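First comes the structure, then the notes that go with it.
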Amino acid sequence: MLDPHLFRSELEFVQAQLKRRAIDFDADFYTDLENRRKAIQVKTQELQNERNLSSKAIGQAKAKGEDVQPLLDQVQGLGEQLKVAETGLTQIQAQMKDLMEGLPNILDAAVPEGNDEDDNVEISRWGEVPEFDFEIKDHVDLGALHKGMDFEVAAKITSARFVALKGSIARLQRAIIQFMLDTHADEHGYAETYVPYIVNADSLYGTGQLPKFADDLFKVSVDPDLYLIPTAEVPVTNIVRNEIIDHAQMPVKMVCHTPCFRSEAGAYGKDVRGLIRQHQFEKVELVQVVKASESEQAHEELTNHAENILKKLKLPYRKVLLCSGDTGFSSTKTYDLEVWLPGQDTYREISSCSNFKDFQARRLKARWRNPETGKPELVHTLNGSGLAAGRTLVAVMENYQTTEGNINIPEVLQPYMGGIKVVKLS
RNA sequence: GGAGAGGUGGCUGAGCGGCCGAAAGCGGCGGUCUUGAAAACCGUUGAGGGUUUAUCCCCUCCCAGGGUUCGAAUCCCUGCCUCUCCGCCA
């Protein structure tokens with residue numbers, strides 16, 4: 001949610017910024033609504049004040065043993081007026097909330113203009129794209145060859161867009177997850193975190209998935225409304241919802257591995273082959289809660305932490321700054337890390353690192369206490385995949401394949417694989 | 001799943017339908033004292049919002065949502081959560 005004060009003081013700026021998101025914000029409609037809100041709110045509060053004063057007077061008169069009937073006659077009808085005013089206020093506030101919560105975050109000045117992923121800007125490349133002197137296989141074929149990746153059986157158990165992993169391939173994914181968790185916890189200073197995989201609507205509202213993106217979620221319960229998490233971002237960031245964090249606890253840095261569940265409604269026909277786009281996948285997520293003045297630096301650091309995993313795995317990747325049209329709803333600025341996938345002969349997203357500034361914090365009512373002023377201030381929240389484990393599995397399999405169809409194990413993963421250096425065909 | 005108890009400020013914990021945004025203690029902050037610190041003493045200290053240049057003033061919030069009332073932390077209803085006991089259970 002954007003700052004309402006910004007709308008009142010700098011409406012034209014807001015309008016211009018939303019235009020970058022291809023949103024035609026109706027300033028006249030807003031101004032009219034805001035003026036009505038102001039009038040109704042002032043009126044309501046005046047009536048409330050009148051009621052409070054009258055009631056107090058009645059109380060005092062009663063204490064003195066005076067006749068209160070004249071006073072009671074005086075307030076007759078006030079209740080009805082107040083009810084009308086309060087109802088009106090509630091309505092217009094709800095209307096404004098609907099309007100406001102449908103608006104995306106304001107983009108950082110550095111975000112390039114553009115319509116879609118084709119307009120994203122490459123920042124850097126790392127590593128050498130491997131050259132193979134044999135006919136390479138993609139992860140689906142490799143997985144089948146190793147009898148470790150079975151889409152058919154998952155379809156039988158559940159439906160399309162699920163997978164069953166077995167043997168060394170399953171272990172390799174687990175090794176990747178453990179390696180990532182250990183690296184972020186031990187080297188990058190994140191607190192390992194475990195959270196529920198099912199969340200309530202308030203949490204999804206807090207991080208911005210609701211009310212706008214309900215179609216992307218799996219709902220598992222009605223009354224109360226509960227959903228499977230689409231990312232660990234939701235439960236982990238919501239740890240600070242409605243909290244005022246002591247300054248000594250700042251910055252809050254958490255790392256968390258969870259499965260993620262996405263209905264991917266409307267994504268059919270897009271990238272269907274293999275593990276790339278699934279209803280359920282494993283991800284290690286980095287979340288930071290920082291002071292406003294530190295979020296831009298934290299964004300760079302968090303992205304570096306994710307990059308560090310790719311470097312340690314010696315997987316070639318590139319870093320991309322998303323353009324205005326491709327940056328997510330809640331984000332001010334997002335870097336994507338794209339890993340090289342030989343099977344697709346291209347770079348594919350494996351991490352997305354975003355700075356939400358105070359957009360989520362305002363919805364979450366997540367604050368920290370500034371010792372200099374003694375007052376609570378909204379925090380800035382950030383998160384990034386560190387990394388998507390399923391896609392990392394794909395990347396390792398495809399980049400480390402050998403002519404025999406074996407898969408070499410990156411050195412950093414070997415301790416997690418019982419010391420073996422290669423997964424051989426049995 | 002069954003039975004009971006309870007949800008009040010950063011924490012502990014009082015609170016009769018009006019004098020309660022709320023005692024007291026702890027903690028925090030400022031000060032006195034001290035070479036410094038501790039102790040003691042004094043003062044101060046919740047959040048959100050409206051109006052305003054600002055001060056002032058006003059509104060809302062005692063788990064959440066409804067209700068009763070001129071007036072609700074306090075009474076009533078519903079929900080959620082926590083704790084204790086029993087049952088079941090990885």
Side-chain angles (χ1 to χ4, degrees), chain A residues 1-10 30-31 33-97 99-101 194-206 210 220-227 235 238-250 252 289 358-379:
Chain A
M1 182 114 84
L2 292 167
D3 184 358
H5 295 105
L6 202 61
F7 283 76
R8 293 178 209 167
S9 57
E10 300 185 56
Y30 167 83
T31 305
L33 208 57
E34 167 63 12
N35 288 338
R36 275 162 51 211
R37 185 229 102 219
K38 197 185 281 187
I40 295 175
Q41 183 158 351
V42 169
K43 178 79 193 296
T44 305
Q45 293 189 354
E46 278 172 1
L47 288 169
Q48 283 171 332
N49 183 227
E50 199 178 329
R51 176 204 60 196
N52 291 345
L53 291 175
S54 306
S55 297
K56 196 159 264 185
I58 291 169
Q60 283 165 352
K62 224 171 190 173
K64 287 187 215 154
E66 295 169 4
D67 180 18
V68 295
Q69 195 53 46
L71 287 166
L72 284 174
D73 292 342
Q74 218 173 3
V75 295
Q76 214 200 358
L78 187 65
E80 204 48 46
Q81 274 185 69
L82 190 56
K83 200 157 211 167
V84 170
E86 281 175 342
T87 305
L89 183 61
T90 306
Q91 270 173 6
I92 199 154
Q93 279 174 336
Q95 216 176 336
M96 294 205 78
K97 186 163 171 267
L99 178 70
M100 298 293 281
E101 69 190 7
Y194 174 83
V195 290
Y197 301 159
I198 294 175
V199 293
N200 58 36
D202 286 344
S203 293
L204 287 157
Y205 176 81
L210 287 180
V220 291
S221 156
V222 175
D223 193 28
D225 289 342
L226 297 175
Y227 304 80
N238 271 278
I239 289 173
V240 299
R241 170 152 55 92
N242 288 329
E243 298 289 336
I244 299 175
I245 304 163
D246 190 87
H247 73 276
Q249 307 299 314
M250 301 283 284
V252 180
V289 178
D358 62 11
F359 189 85
Q360 291 181 329
R362 188 167 291 108
R363 291 172 164 235
L364 292 162
K365 294 188 178 63
R367 294 156 294 170
W368 71 288
R369 193 176 297 279
N370 186 340
E372 286 172 24
T373 59
K375 292 293 169 192
E377 297 175 11
L378 289 175
V379 298

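Every chain is numbered from 1 and lettered A, B, ... according to where its sequence line falls, protein lines coming before strand lines. Fair warning: this is a prediction, and the values are worked out from it, not measured in the lab.
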Practice item. Using a 4.0 Å heavy-atom cut-off across all strands, classify A:Pro376 as base, sugar-phosphate, or nothing. Key: sugar-phosphate

Study note, to complete from the structure: Rounded to the nearest 0.5 Å, the CG atom of A:Leu226 sits from the CG atom of A:Leu204 at a distance of 9.5 Å

Exercise for review: Look at the side-chain N and O atoms of A:Arg367 and state whether any lies under 4.0 Å from the OP1 or OP2 oxygen of B:G10.
Suggested key: no

**Study point:** C1' atoms of B:U68 and B:G9, separation to the nearest Å
**Key:** 28 Å

**Study point:** Nearest-0.5 Å distance, CD of residue A:Gln60 to NZ of residue A:Lys56
**Key:** 7.5 Å

**Study point:** Atom C1', compared across B:G4 and B:G13: separation rounded to whole Å
**Key:** 23 Å

Exercise for review: Evaluate side chain to side chain contact (heavy atoms under 4.5 Å, CB included) for A:Glu101 paired with A:Tyr205, printing each intermediate quantity in order.
Suggested key: CA-CA 9 Å; A:Glu101 69 190 7; A:Tyr205 176 81; 3.0 Å; yes

Study note, to complete from the structure: Across every strand shown, the nucleotide meeting Watson-Crick or G-U wobble geometry with B:G27 (both distances under 3.5 Å) is B:U45

Review point. Could you walk me through whether A:Phe359 and A:Leu2 pass the side chain to side chain contact (heavy atoms under 4.5 Å, CB included) check?
Key: CA-CA 6 Å; A:Phe359 189 85; A:Leu2 292 167; 4.2 Å; yes

Review point. Under 4.0 angstrom, heavy atoms only, what part of the nucleic acid is A:His5 near: base, sugar-phosphate, or nothing?
Key: sugar-phosphate

Point to revise | Interatomic distance, A:Glu377 CD vs B:G48 P [rounded to whole Å] | key: 10 Å

**Study point:** Identified pairing partner of B:U52, criterion: Watson-Crick or G-U wobble below 3.5 Å
**Key:** none

Review point. Quantified in whole Å, what is the P atom distance between nucleotide B:C70 and nucleotide B:U84?
Key: 43 Å

Practice item. In whole angstrom, give me the gap between the C1' atoms of B:G48 and B:G30. Key: 26 Å

Review point. Any idea which of B:C59, B:U60, B:C70 is nearest the A:Gln45 side chain?
Key: B:C59

Practice item. Quote, to the nearest angstrom, the P distance that separates B:U55 from B:A39. Key: 36 Å

Point to revise | Nearest-angstrom distance, C1' atom, B:C20 to B:G71 | key: 13 Å

Review point. What interatomic distance, in whole Å, is found between C1' of B:C85 and the corresponding atom of B:A24?
Key: 33 Å

**Study point:** Distance, nearest 0.5 Å, that separates CG of A:Leu364 from CG of A:Asn242
**Key:** 8.0 Å

Exercise for review: For A:Asn52, answer base if it contacts any base atom (sugar-phosphate contacts may also be present), sugar-phosphate if it contacts only those atoms, and nothing otherwise; contact means non-hydrogen atoms under 4.0 Å.
Suggested key: sugar-phosphate

Review point. Which part of the nucleic acid, if any, lies within contact of A:Arg37, taking any heavy atom under 4.0 Å across all strands shown: a base, the sugar-phosphate backbone alone, or nothing?
Key: sugar-phosphate

Review point. Could you state the NZ-C1' distance from A:Lys38 to B:U52, rounded to the nearest angstrom?
Key: 11 Å

**Study point:** Flag side-chain contact, heavy atom, 4.5 Å: A:Arg362 against A:Pro4
**Key:** yes

Exercise for review: With rounding to the nearest 0.5 Å, note down the distance linking CD in A:Gln81 to OG1 in A:Thr44.
Suggested key: 11.0 Å

Practice item. With RNA chain B as reference, determine whether A:Ile244 or A:Arg51 sits nearer its 5' end, using the nearest nucleotide of each. Key: A:Ile244

Exercise for review: For nucleotides B:G36 and B:G49, find the distance between their P atoms and express it as a whole number of Å.
Suggested key: 42 Å

Exercise for review: Name the residue closer to the 5' end of RNA chain B, choosing between A:Gln41 and A:Pro224 according to the nucleotide with the nearest heavy atom.
Suggested key: A:Gln41

Study note, to complete from the structure: From CD of A:Gln48 across to P of B:G49 the rounded distance in Å is 17 Å

Exercise for review: Quick one: look up who B:C16 pairs with, Watson-Crick or G-U, both distances under 3.5 Å, and put none if it's unpaired.
Suggested key: none

Review point. Contact class for A:Lys62 (heavy atom, under 4.0 Å): base, sugar-phosphate, or nothing?
Key: base

Point to revise | N or O in side chain of A:Asn49 less than 4.0 angstrom from B:C59 OP1/OP2 | key: yes

Review point. Would you say B:G28 has OP1 or OP2 under 4.0 Å from some side-chain N or O of A:Arg369?
Key: no

Practice item. Specify the separation, in whole Å, of atom CZ of A:Arg241 and atom C1' of B:C63. Key: 13 Å

Practice item. Both distances under 3.5 Å, Watson-Crick or G-U wobble: report the partner of B:A40, or none. Key: B:U32

Check your understanding: Tell me: CD of A:Glu50 to P of B:G50, nearest whole Å?
Key -> 23 Å

Point to revise | Rounded distance in Å - CE (A:Met1) to C1' (B:G49) | key: 13 Å

Review point. Roughly, in whole Å, what's the span from NZ in A:Lys56 to P in B:G17?
Key: 18 Å

**Study point:** Rounded distance in Å - CE (A:Met96) to C1' (B:G50)
**Key:** 14 Å

Point to revise | Opposite nucleotide pairing with B:A5, Watson-Crick or G-U, both atom distances under 3.5 Å | key: B:U82

Check your understanding: Phosphate oxygens OP1/OP2 of B:A47: is one of them under 4.0 Å from a side-chain N or O of A:Lys375?
Key -> yes

